[in-house]
Amino acid sequence: AMQRELLFHPGSELIYKDAEDNSDLQVKQIKELLSQNIDILLISPNEAQPLTPIVEEVFTKGIPVVVIDRKTSSSLYTSFIGGDNYEIGKLAATYVGNTLKGTGNVIEIIGLPGSTPAIERQKGFADGVRNYPGIHIISEMYGNWQKEKASVQVQKNIDKMAQADLVFAH
């Protein structure tokens, strides 16, 4: 989609980098981009804490920073494009509470530890579940946003899965 948008902006160039879920590599790539005198940084931070200092550095140099889907631990960026993950978690809790009629055991499979969507969804879900005292989160597992990794966690915790009435996977 970004490549198509560039058709409307002759002379613009998109430099695309994929850190493959590696925060250290993502920091290194941003430093490389800085050395190329970029005009704007579009980023989806792998994890909030490790990316905060470099994103702040880019922003304080006067380069616009658009944070997409995931945030940093700071508000030093130009714009955020993404969902309200806290509200998503809270809505999921309401769905769970209504589906289980206010009673039951739930397992939560969380995204990547340290990523803001996972942190915010988990908080929203926990806050929402408080409205249903009969709902108990009996286990939390990290699936890191990947089906294969979530599957490994489920297999390791198969005994807990047998006790669950519902699984909420981010």
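Just so you know, these numbers come straight off a predicted model, no measurement behind them. Note that these values count all heavy atoms, side chains included, but never hydrogens, waters or copies made by symmetry.
A cation-pi contact links Lys71 to Phe80, judged by a cut-off of 6.0 Å to the six-membered ring centre and 45° from its axis.
Not a single donor-acceptor pair under 3.5 Å links the side chain of Arg70 to the backbone N or O of Ser115. A distance-only check finds no donor-acceptor pair linking the side chain of Ser151 to the backbone of Lys147 [under 3.5 Å]. At least one donor-acceptor pair under 3.5 Å links the side chain of Thr78 to the backbone N or O of Val65. The main-chain N or O of Pro50 is never found under 3.5 Å from a side-chain atom of Ser23 such that the two would form a donor-acceptor pair.
For the residue pair Gln26/Glu47, the side-chain donor-acceptor check at 3.5 Å is not satisfied. In the model, Gln146 has a side-chain atom that pairs as donor or acceptor with a side-chain atom of Asp21 under 3.5 Å.
Taking every heavy atom of both residues into account, Ala150 and Ile109 meet most closely at CB-CG2, 4.1 Å. Closest approach of Met141 to Ser139, counting heavy atoms only: CE-OG, 3.8 Å.
Residue Asp39 places its CG atom among 12 or fewer non-hydrogen atoms of other residues, nucleotides or ligands, all under 6.0 Å distant.
Summarising the geometry, atom NE2 belonging to His170 is positioned 11.0 Å from atom CD belonging to Glu120; distances are rounded to the nearest 0.5 Å. Going from atom OH of Tyr86 over to atom CD of Gln122 covers 12.5 Å, rounded to the nearest 0.5 Å. Note that CG of Leu42 is 7.5 Å distant from CD1 of Ile81, once rounded to the nearest 0.5 Å. Rounding to the nearest 0.5 Å gives a distance of 9.0 Å between OG of Ser79 and CD1 of Ile40.
In this structure, Leu33 is a member of the same hydrophobic cluster as Ile54, with clusters built from ILVMFWY side-chain heavy atoms closer than 4.5 Å.
The residues Asp127 and Lys123 are annotated as salt-bridged, a charged nitrogen and a carboxylate oxygen being separated by less than 4.0 angstrom. With respect to the salt-bridge test (charged N to carboxylate O, under 4.0 angstrom), the residues Glu32 and Lys17 qualify.
Here Tyr142 is tied into one hydrophobic group with Ile110, each link being a pair of ILVMFWY side chains closer than 4.5 Å.
With sequence neighbours excluded, no residue satisfies salt bridge (charged side-chain N to carboxylate O under 4.0 Å, His left out) with Glu87.
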